[in-house]
Amino acid sequence: MRVLFFAVFLFMLGSVNAVFIQVSPPAGVPVTIFEITAEPTDSHGGTLSVDIFRRQSESSNSVFRRSRGISKPVFVQRINLYDDGLKGDERARDGKYIGVWDSIAQREGNYFVKLCENNKCTERDFVISNGCRLVNERDGIKKNAINVVFTFVNVDDRQIPVSGVDNNRIVLGVEEYNEFAMPLVDASNYGLLSVEPFKSTSNKFNFFYVNIPGHVSGFEAGETKSGREATQAITTLASSCPFENKIPIGLIGWKFRSRVSGGITFLSVDDYDDLVRLTKVYVHESGHSVGNIHDQYIVGDADMTRSNYDEFSEKLKKVCYYPDSPNKYIAVQQCLTNAPWRDLVGNGCGVDGVLDCLRARDPLFDVEVRCYNEIGCIAPNILTNTANNIMARQFEVNDLSWGRGFGQVNERLLCLEIIRRTGSVNSGSVCNTLCLPSCSSGKKCIEGRCT
Amino acid sequence: MKKFVFVILFMFALVLVNAASNANTAEKQGSSPQLTKVYVLGLKYDNGQLSKEYLFVTETMYENVRQAGPYEAAVMSSGKVRFKKTFSISTEVFDTEDTKGPFYYEVILPFYSDAQFITIKEKGKEKLKLSVSHFSEVISARGKVKTPPAAPTSSNPLIGQFVYFWNSLFKRS
C-alpha cells in the first residue's frame, strides 16, 4: 500500500511539468516589475514556486554574453505564481500561473527564472538592463514623436556586410545590432530619413533598437504557426521600449516576402546581402506602417471589375483610380478630373500644375503626379498617380528622384498620418507645400497654395 | 542705522538675484521630460477574441497620445475610473494575402497606487478585466524595505546609472 501511495505521489509530482515559461518584458530597467507566466502540462491550481537566478558575468560589459558554465548562477529570490483567479490571474485553475517580480535595486545582468518539478527543470532568460537603445544616441528622445523600434529575430551568427565597406563582413551579434539598423534610417544614403516627407519631419521620429536576440522555431510569411511565433516575439521584444505611438520592426533571419501586418513590419534579413535593397524595402514598408498607404504595383494579370474595386479598401481609392471607360484617353481625362490627387497633377517635376516632363529628359519624370495608364495599379486597368514611385516599384526609382521617390500623392498621405500621430510638423517641412488635406474642387496646389 | 538698512537692502537684493537665477534655470530645465510609472499592457486580437499578452509595470517618458477607436482602456479603483483612453487595433496587411493575424497592440497607462483593475471595452462592451492590485502591493512593499532613492546621486550606483542613462536619452533635441 505504501509503495502504491509513493508511486501515486511520484506520478503527481511528475505530472506538473512546466513546458512554457514567459517573462515580460524580456529586458527591463531595474525598476521594472516583471510578469512571469508558467503553463505546466498538468496543473493543480493554487500556487507554484519559481526561482530567480542571476548569471555571473565575466565583466560589466558582458551583460548579453552568456556565461553559463563559467561560474555558478546566483540565487536571487523565490517567488510564487498563482492560478487562483486573483493576484493578476484571469481565471482560477485554468493552468496559467502568473506572478510578478520586483527588480528594483537589482544588479544589471542576465537573469533566468527556473521552475523545477520532479527533477525536470525549465528555464527562461531575461535581462535587467536598458534593452531599448537609440539607434543614434546623440539625437536624444524627442517628444510627440513616432517611435520606431527595430527588433532582431533568428539573426544569430549571420554574416552581414559592414555598411559602406565592400567585401568586409562581420558576424552579427547583439553588439552589431546598432550597426545593422543604422543604414535603414541613414539620411545620407537610401535610408528612411533620406526620403521626403521623413527627411524634413525627422524631428517627429525616434529610432530605437532592442539589443536582445529573439528566437522562433522558424518563419514563413503566411504560414500561421511560425507567423504567430514571430509576431509574438517581435511584439514582446518591442515591449522593452515602452512608448506610445510605436511601430515595431522585426528583422528576421529567414527568406520570405517582407510585409506589414497589423502595424508590425516584417523584414527579411536575407536581403541584407545587398544593403541598398533591404533599405529600399524598409522605406517601402514604412509607407505602409506610417502612412497606411496601399501598394501600387500589379498583383494579378486580370483586369479589376468595378465591384472588385469598390470592395477594396478606401486606401486603394486614395492612390489608384478605376476608370469607367475602357478607352485609355477617356480614362485618363476622367482621372484628371475626378481622382483624389487631381489638385496635385503636374507637381513633382518642372512647373507645378503642368505636365511638362519627359521620361528621356527629366530625372523626376517618374514622380511627376499624373494619371498614368501604362503600368497598372494592383490590376492592369487601374490608373496610377505617377509613372513610378516607392509604393509601386521601389527598386526602379532612380537615384536622382529617390529623395522625392514617394511622389507627392503618397507624401501627402504620409504627412497627414504624421500630423495625426504627432500633432504637427515644423514649418520647414515638405508637408507644408502639399496643400493638406487637399484643395477644394476646381483648385490646384501651386507652390504650396490652393489657387 | 544707515549701514544696517544698507546691509538689509543688499541682502534682499542678493536674495532676489538668486531667486531670479534659480527661476531662469528652472525654466531651462522645465521642459525636460519626467519619468512616469506606467502599466504596459500587451493585447492580442485573434479571430475576434481579445486577450492579454503581457502586463508589467515600469517607468518611462509617458505621453498620453490621443487616438480614436472602438476600444477603451480604463484604470479602475473602487468602481471609479481613474484614467481612460480610446484606441484602435490595426488589422490591415500589406504585401501579403494573409489576413489571419493575430494582431497585437500595446496600451500604456499611468500607474495608480490604488488601482484595482484595468478594463478593456470594445464599443462600450467589457471584453477584459485585469486585476492589477498585485502591482500596487509590490510598489507599496518598496516603501517598507529600505531602498535607495531613485536619483543620480543615489547611494546605489546602479539606480543612479539607470536614472542618468534615461535622463541622457531624454535630453532636449
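Letters go in sequence order (proteins before strands), and every chain restarts at 1. Just so we're clear, the structure is a prediction, and the values are computed from it rather than from any experiment.
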Is the shortest heavy-atom distance from the side chain of [X] to the side chain of [Y] under 4.5 Å?
X         : Y        : answer
Arg259(A) : Val93(B) : no
Arg420(A) : Arg66(B) : no
Lys315(A) : Phe94(B) : yes
Thr422(A) : Val65(B) : no
Glu59(B)  : Val29(A) : no
Phe34(A)  : Val57(B) : no
Lys37(B)  : Val31(A) : no

With only heavy atoms counted, which part of [X] is less than 4.5 Å from chain B, the side chain, the backbone, both or neither?
X         : value
Val100(A) : side chain
Tyr297(A) : side chain
Thr37(A)  : neither
Gln232(A) : both

What are the two closest non-hydrogen atoms of [X] and [Y], and how far apart are they?
X         : Y         : result
Pro242(A) : Thr58(B)  : CG-CG2, 3.9 Å
Gly263(A) : Ser90(B)  : N-OG, 3.8 Å
Glu244(A) : Asn64(B)  : OE2-CA, 3.7 Å
Lys143(A) : Met61(B)  : CG-SD, 4.2 Å
Tyr54(B)  : Thr235(A) : OH-O, 3.6 Å

Whatever's closer than 4.5 Å to a heavy atom in chain A on Leu130(B) counts as side chain
Cut-off 4.5 Å, heavy atoms of chain A, and the answer for Tyr45(B) is neither
*Given the rule in the side chain to side chain contact (heavy atoms under 4.5 Å, CB included) test, do Asp46(B) and Arg228(A) qualify, once you have shown the distances and angles that lead to the verdict?*
CA-CA 10 Å; Asp46(B) 196 5; Arg228(A) 280 170 179 259; 2.6 Å; yes
Rounded at 0.5 Å granularity, tell me how far [atom1] in [X] sits from [atom2] in [Y].
X         : Y         : atom1 : atom2 : answer
Ile264(A) : Tyr105(B) : CD1   : OH    : 12.5 Å
His288(A) : Glu92(B)  : NE2   : CD    : 10.5 Å
Glu285(A) : Asp95(B)  : CD    : CG    : 4.5 Å
Thr231(A) : Glu53(B)  : OG1   : CD    : 10.0 Å

Before giving the answer on side chain to side chain contact (heavy atoms under 4.5 Å, CB included), spell out for His134(B) and Ile33(A) the whole-Å C-alpha distance, their side-chain angles and the decisive distance to 0.1 Å.
-> CA-CA 10 Å; His134(B) 53 309; Ile33(A) 301 174; over 6 Å; no
- Would one find more than 12 heavy atoms of other residues, nucleotides or ligands at under 6.0 Å from atom NZ of Lys52(B)? yes
Exercise. Just by modelled atom types, is the Phe56(B) backbone N or O under 3.5 Å from a matching donor or acceptor in the Glu35(A) side chain?
Worked result: no
Sidechain-backbone polar pair: Thr91(B) side chain, Gly262(A) backbone, donor-acceptor under 3.5 Å: no
As a quick check of understanding, evaluate side chain to side chain contact (heavy atoms under 4.5 Å, CB included) for Glu106(B) and Phe243(A), giving each step before the final call.
CA-CA 9 Å; Glu106(B) 188 174 279; Phe243(A) 297 110; over 6 Å; no
Among Asn144(A), Ile98(A), Ile234(A), Thr265(A), the residue with the most heavy-atom pairs under 4.5 Å to chain B is Asn144(A)
Max heavy-atom pairs within cutoff under 4.5 Å with chain B, candidates Ser103(A), Ser24(A), Ser239(A), goes to Ser239(A)
message = What verdict does the side chain to side chain contact (heavy atoms under 4.5 Å, CB included) test give for Ile104(A) and Val138(B), after you've listed the backbone C-alpha separation in whole Å, the side-chain angles of each residue and the deciding distance to 0.1 Å?
response = CA-CA 10 Å; Ile104(A) 193 162; Val138(B) 171; over 6 Å; no
